[in-house]
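Single-structure report; data block below.
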There are 2 protein chains.
Amino acid sequence: MSHTVGIRQAQKQKTRQALMDAALRLLEAQSLSSVGLREVTRAVGVAPTAFYRHFRDMADLGVALVEESLGALHATIGEALAEADDAARIDHSVAVVAALVRTSPAHVRFLAREQHGGVAPVREAIGRQLRQFGDEVAAAFADEPEAAGWSPEDLRMLAGLYVDHMVVTASALLEAGPDGEEEIAGLARRRLRLISLGRRHWLD
Amino acid sequence: MSHTVGIRQAQKQKTRQALMDAALRLLEAQSLSSVGLREVTRAVGVAPTAFYRHFRDMADLGVALVEESLGALHATIGEALAEADDAARIDHSVAVVAALVRTSPAHVRFLAREQHGGVAPVREAIGRQLRQFGDEVAAAFADEPEAAGWSPEDLRMLAGLYVDHMVVTASALLEAGPDGEEEIAGLARRRLRLISLGRRHWLD
DNA sequence: AGTTTGAGAGTACGACTGTTCACTGACTCT
DNA sequence: AGAGTCAGTGAACAGTCGTACTCTCAAACT
């Protein structure tokens, strides 16, 4: 039954991706709620009505963009968190974020912009993903010897602090551009080190 | 020469404020780049062309909203930072932010939404204000005995961490609504305490 | 081979947008 | 008292927008 991918389905996937790519490019200068369906199809070179074959509306496309942007990141973050000592984990985490901003700045800009943007379903999709990141970080922390004596709530508090800080760092890297990357990354590492210091003395 | 306020100018100020208020209300459900000039004037009950007597375009109105939202906050924050011991300062700061969110949630929502929004002048206006808050916090820290041995860069790093955390807290309070206020506030206090702990051991 | 399916094209619709221009008429200054 | 200013009006402009239709024709099925 393993029928070939299907020329038909492959073509459909291709234009669907083209719509998402075009939207992402338009979203560098505007926010989702002001990008029109027609604008996107025009950029792709497709009739406006073709849009409906792939997405219900622009909000639907936005949610798909969220999955594309953050879906693949869980594994990468997991790697960074598996790092043995604290210093290495900080360096690795910041490097992951910096690499993400470097290789796909448009995705990061989209996320920063729509995290509190005007389109509720997209906002919720991003919030869900970030909360999941928080849970993963908390789980990673819980497996460490330093976590002994910590309440689950405090672990979640710490994990949230890490995640929020990473989001702030990502958008700061974006604003600074490639030239300012090392400065922002250095700042982020110092902040994480300070937080890590606070963690070590939490139970005093 | 102290001529009366001027019925004329007073009336103008009044409709200008009405435009800003109407825009703010519309901005609870959309983002600035998708709110139209006509939409705002319609909400006020004024001809579309009257808008131009007060603002060049919606971006201009947005910048005015930023000043209105954050301009008056500097004094209030200064008070909180003048608090003697660390615990009191944390409590006071969080209380200030919580009060801001409680009394003018629409302003806070606007700021959170447009901080990374699609309208450049507004984004820059917010960034400028937040950077100024960072400078003020850093200056307050520098006056304390605990700041001995700290480099100016590290002080600014710490101040930025405080400010960024406050912004995150404000938008979390907004999302949670009045019922979740105490939970979020408690979380924010614990995070600030952890950061404060890191600060104390920074020079080890 | 013949039938069905479905991605995309094309047209048309009413509603809405920002901006222009000439205008009115109440307030302000001399 | 008379002239000037200027906040707000109202009509008209050329666009854009989302969506509802019908239609085509190549791929996928039987």
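Every chain is numbered from 1, with letters handed out A, B, ... down the list of sequences.
With respect to Leu32(B), the side chain to side chain contact (heavy atoms under 4.5 Å, CB included) criterion is satisfied by exactly one of Arg123(B), Glu114(B), Arg113(B): Glu114(B).
Computed from coordinates, the Gln11(A) CD to dG6(C) C1' distance equals 13 Å when rounded to whole Å. Distance Gln30(A) CD to dT16(D) C1': 13 Å, rounded to the nearest Å. Here dG10(C) presents its C1' atom at 13 Å from CZ of Arg53(A), a figure rounded to the nearest Å. Rounded to whole angstrom, the span from the NZ atom of Lys14(A) across to the P atom of dA26(D) amounts to 17 Å. For Phe51(A) and dA9(C), the CZ to P distance is 14 Å, given to the nearest whole Å. In this entry the distance linking CD1 of Ile7(B) with C1' of dT5(D) reads 15 Å, nearest Å. Distance CD (Gln13(B)) to P (dG8(D)): 11 Å, rounded to an integer number of Å. Atom NZ in Lys12(A) sits roughly 9 Å away from atom P in dG6(C) (whole-Å rounding).
Both tests pass for Arg199(B) against the ring of Phe141(B): distance under 6.0 Å to the centre and angle within 45° of the axis.
For the pair Leu197(B) and Leu197(A), the minimum side-chain heavy-atom distance is 4.5 Å or more. Contact check for Leu192(A) versus Thr169(A): no side-chain heavy atoms found under the 4.5 Å cut-off.
Salt bridge Glu144(B)/Arg89(B): present, at least one basic N to carboxylate O contact under 4.0 Å.
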Stepwise salt bridge (charged side-chain N to carboxylate O under 4.0 Å, His left out) test for Arg200(B) and Glu146(B):
CA-CA 8 Å; Arg200(B) 259 201 289 278; Glu146(B) 292 102 315; 5.7 Å; no

For each nucleotide in nucleotides 14-19 of chain C, reading 5' to 3', give B when a protein heavy atom comes within less than 4.0 Å of its base, S when such contact involves only the sugar-phosphate, and - otherwise.
---SBB

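Within the 4.0 angstrom heavy-atom criterion, base atoms lie near Ala50(B).
For Arg8(A) against dG6(C), a side-chain-to-base donor-acceptor contact under 3.5 Å is present.
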